[in-house]
Trainee: 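Just passing along the structure, written as structure tokens.
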Amino acid sequence: MSDLPVVAVVGRPNVGKSTLVNRFVGRRAAIVEERPGVTRDRKELVAEWTGRAFRVIDTGGWLTPGEAGLTGEEADLAGKVSAQAEAAMREADLVLLVTDATTGVTEEDARVARLLQGAKVPVLVVVNKVDDDRREADIWEFARLGLGEPIPVSAIHGRASGDLLDVVVAALPPAAADTESVDADDGIFSVAITGRPNVGKSTLFNRMVGEERSVVHDMAGTTRDAVDTIVETDDGPLRFVDTAGLRRRSRIDEPVEYFGLVRALEAIDRADAALLLIDGTEGVTHQDQRLAERIDAAGTAIVIVLNKWDLCDAEQRAKVRAEVADKLAFLTYAPALPVSALTGKRVHNLLPALREAEAAYHRRIPTAALNRVLRDAQAAHPPPIVKRHRPRILYATQGAADPPTFTLFTTRPLSPQYLRYLERKLRESFDLGPTPIKIRVRRRSE
């Protein structure tokens with residue numbers, strides 16, 4: 001691991017550095033508390049994104065003892081913590097300066113920024129706690145730190161964390177051929193079976209394994225209670241990733257629920273696709289919505305499974321369909337397949353849907369075809385006028401796959417409604433089925 005590139009996460013206390021590190025590594029590896037000063041020593045962990053591995057160093061909150069008004073033991077401790085952060089910056093290939101959108105630029109932020117302006121490695125300004133669109137405009141205040149364009153993120157909610165990781169990986173030095181990934185990619189398509197407890201995850205797994213298929217081996221996963229099971233099928237091997245069910249809020253306390261979410265996210269991050277099981281007899285619950293949002297944010301291909309369909313009458317089936325359309329509207333690209341894991345009815349439809357998701361997840365679109373579709377979409381329905389000017393899409397390219405990610409170069413920002421229209425056109429034109437897609441907009445001046 002010593003030859004992996006190093007990303008140092010620095011900043012003043014209580015801006016969410018440890019939470020961001022946990023988001024990078026996909027588990028609660030760094031201790032997170034509401035009070036500042038919990039992290040003191042450097043903590044090194046290995047993270048991986050789009051097949052690229054790197055070491056991430058979580059550092060303590062940066063404080064200048066004299067200027068922060070600290071004395072005695074507090075000043076001594078702050079000095080040692082800051083020294084550890086400085087050491088991390090010296091060995092880093094990339095530095096992330098984490099700031100807080102809710103407080104704006106502070107004197108301590110400015111002091112750290114002045115130190116980083118002389119750094120010999122790239123520095124990214126990460127504005128944390130941008131939990132919704134209303135906070136987006138606040139990030140530009142941090143541009144005056146003189147370290148480039150600020151990057152918004154919500155570490156606790158995972159908002160834009162994938163976009164940040166894309167930027168991080170792009171800024172790393174070229175990878176050595178033998179250190180691109182922590183684990184060898186065996187090319188086996190992996191599926192995370194997710195859902196609340198008692199929705200039938202184990203039953204579905206047993207049904208999909210079937211008597212005619214053989215279990216090759218059970219392999220310990222990255223979490224203590226997760227197991228990857230590789231199964232030989234008629235279409236080749238398939239890896240199932242076990243996940244812990246999310247319990248009802250009334251039955252558990254917040255920390256346990258949080259760890260359950262983290263474990264599920266770890267499995268989802270390691271998977272190519274996810275089966276989200278919904279109990280047809282209960283309908284779409286709040287916990288189902290939360291898990292669906294997490295899967296969607298992770299950028300994982302998804303198939304919704306409406307289990308226990310044999311126990312639902314016509315009225316209940318119509319109700320569940322309506323709830324999926326309403327409460328899971330952000331997953332309009334995902335098919336919702338009714339099955340009975342217990343009897344095996346319609347379970348055979350899941351594997352073709354997963355293979356379709358796999359193909360869409362890895363799809364690459366030729367640049368010429370992409371621009372032709374967007375040009376026709378603009379001609380059929382031009383972007384709405386904003387402040388007496390109509391935006392235009394000048395050019396587009398697919399920057400990445402897994403999931404498909406497109407960058408649009410425009411004269412002006414595009415509205416969310418128009419981006420949804422373009423997403424629909426891309427899906428229709430290129431058969432981008434049960435996979436999320438990302439659309440990023442860059443103004444020509446950028």
Side-chain angles (χ1 to χ4, degrees), residues 50 101 124-127 130-143 148-154 157-168 170 293 296-299 301-302 328-334 360-361 363-446:
T50 60
L124 302 177
V125 178
V126 179
V127 184
V130 182
D131 298 335
D132 53 47
D133 292 337
R134 292 173 296 179
R135 290 278 184 193
E136 289 279 357
D138 298 339
I139 72 171
W140 298 110
E141 177 186 357
F142 295 87
E149 180 178 327
I151 304 172
V153 71
S154 174
H157 298 299
R159 187 174 188 265
S161 59
D163 294 342
L164 172 59
L165 280 165
D166 286 344
V167 177
V168 168
E293 289 168 358
D296 184 55
I302 184 171
L328 303 182
F330 54 93
L331 295 179
T332 52
Y333 59 86
Y361 190 66
R363 185 155 297 148
R364 287 274 185 178
I365 307 300
T367 300
L370 173 64
N371 282 275
R372 184 169 56 250
V373 168
L374 292 176
R375 185 173 60 248
D376 293 344
Q378 279 191 101
H381 181 47
I385 295 175
V386 179
K387 295 182 179 180
R388 296 184 296 178
H389 296 278
R390 188 184 300 279
R392 287 187 301 116
I393 301 173
L394 305 174
Y395 183 76
T397 183
Q398 182 178 356
D402 306 339
T405 302
F406 305 98
T407 300
L408 312 184
F409 296 91
T410 68
T411 57
R412 291 178 178 275
L414 301 174
S415 68
Q417 294 83 358
Y418 196 73
L419 290 176
R420 286 194 290 271
Y421 161 71
L422 295 178
E423 179 180 343
R424 187 170 65 252
K425 288 297 182 182
L426 291 174
R427 289 188 182 281
E428 293 172 354
S429 301
F430 301 115
D431 193 25
L432 295 172
T435 181
I437 66 174
K438 296 180 181 180
I439 300 179
R440 298 167 179 167
V441 178
R442 295 287 183 265
R443 293 185 62 179
R444 177 170 51 187
S445 60
E446 298 175 355

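All figures in this text were calculated on a predicted structure; none of them were measured in a lab.
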Trainee: Testing the basics here: between P391 and P413, what is the closest heavy-atom pair and its distance to 0.1 Å?
Mentor: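 Where P391 meets P413 most closely, the heavy atoms are CG-O, 3.6 Å.
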Trainee: Are any side-chain N or O atoms of T411 and backbone N or O atoms of R392, one a donor and one an acceptor, separated by less than 3.5 Å?
Mentor: yes
Trainee: Ignoring hydrogens and geometry, is there a side-chain-to-backbone donor-acceptor pair from T367 to I365 under 3.5 Å?
Mentor: no
Trainee: What's the shortest heavy-atom distance between S161 and G158, and which atoms?
Mentor: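 Reported closest heavy-atom pair: OG-O, 2.9 Å.
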Trainee: Consider side chain to side chain contact (heavy atoms under 4.5 Å, CB included). Of I439, T397, L394, which one does L408 pass it with?
Mentor: I439
Trainee: At what distance, to the nearest 0.5 angstrom, does OG1 of T407 lie from CZ of R440?
Mentor: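 Here the interatomic distance stands at 6.0 Å.
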Trainee: What's the separation between atom CG in N371 and atom CD1 in I393, rounded to the nearest 0.5 Å?
Mentor: 9.0 Å
Trainee: What distance separates I437 CD1 from F430 CZ, expressed to the nearest 0.5 Å?
Mentor: 10.0 Å
Trainee: If you measure from CG on L164 to CG on L124, what distance do you get to the nearest 0.5 Å?
Mentor: 7.5 Å
Trainee: For D131, check side chain to side chain donor-acceptor pair (under 3.5 Å) against everything at least two apart and list the hits.
Mentor: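 In terms of side chain to side chain donor-acceptor pair (under 3.5 Å), with neighbours along the sequence ignored, D131 is linked to S154.
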Trainee: To the nearest 0.5 angstrom, please state how far the CD atom of E136 sits from the CZ atom of R159.
Mentor: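 It is 4.5 Å, given to the nearest 0.5 Å.
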Trainee: Which distance, rounded to the nearest 0.5 Å, do you find between the CG of D402 and the CZ of R363?
Mentor: 12.0 Å
Trainee: Quick one: which residue pairs count as a side-chain hydrogen bond (donor to acceptor under 3.5 Å, both in side chains) with a foot in residues 420-430, not counting sequence neighbours?
Mentor: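 Only E423-R427 qualify under side-chain hydrogen bond (donor to acceptor under 3.5 Å, both in side chains).
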Trainee: Decide yes or no on side chain to side chain contact (heavy atoms under 4.5 Å, CB included) for R443 and F409, but give the supporting numbers first.
Mentor: CA-CA 6 Å; R443 293 185 62 179; F409 296 91; over 6 Å; no
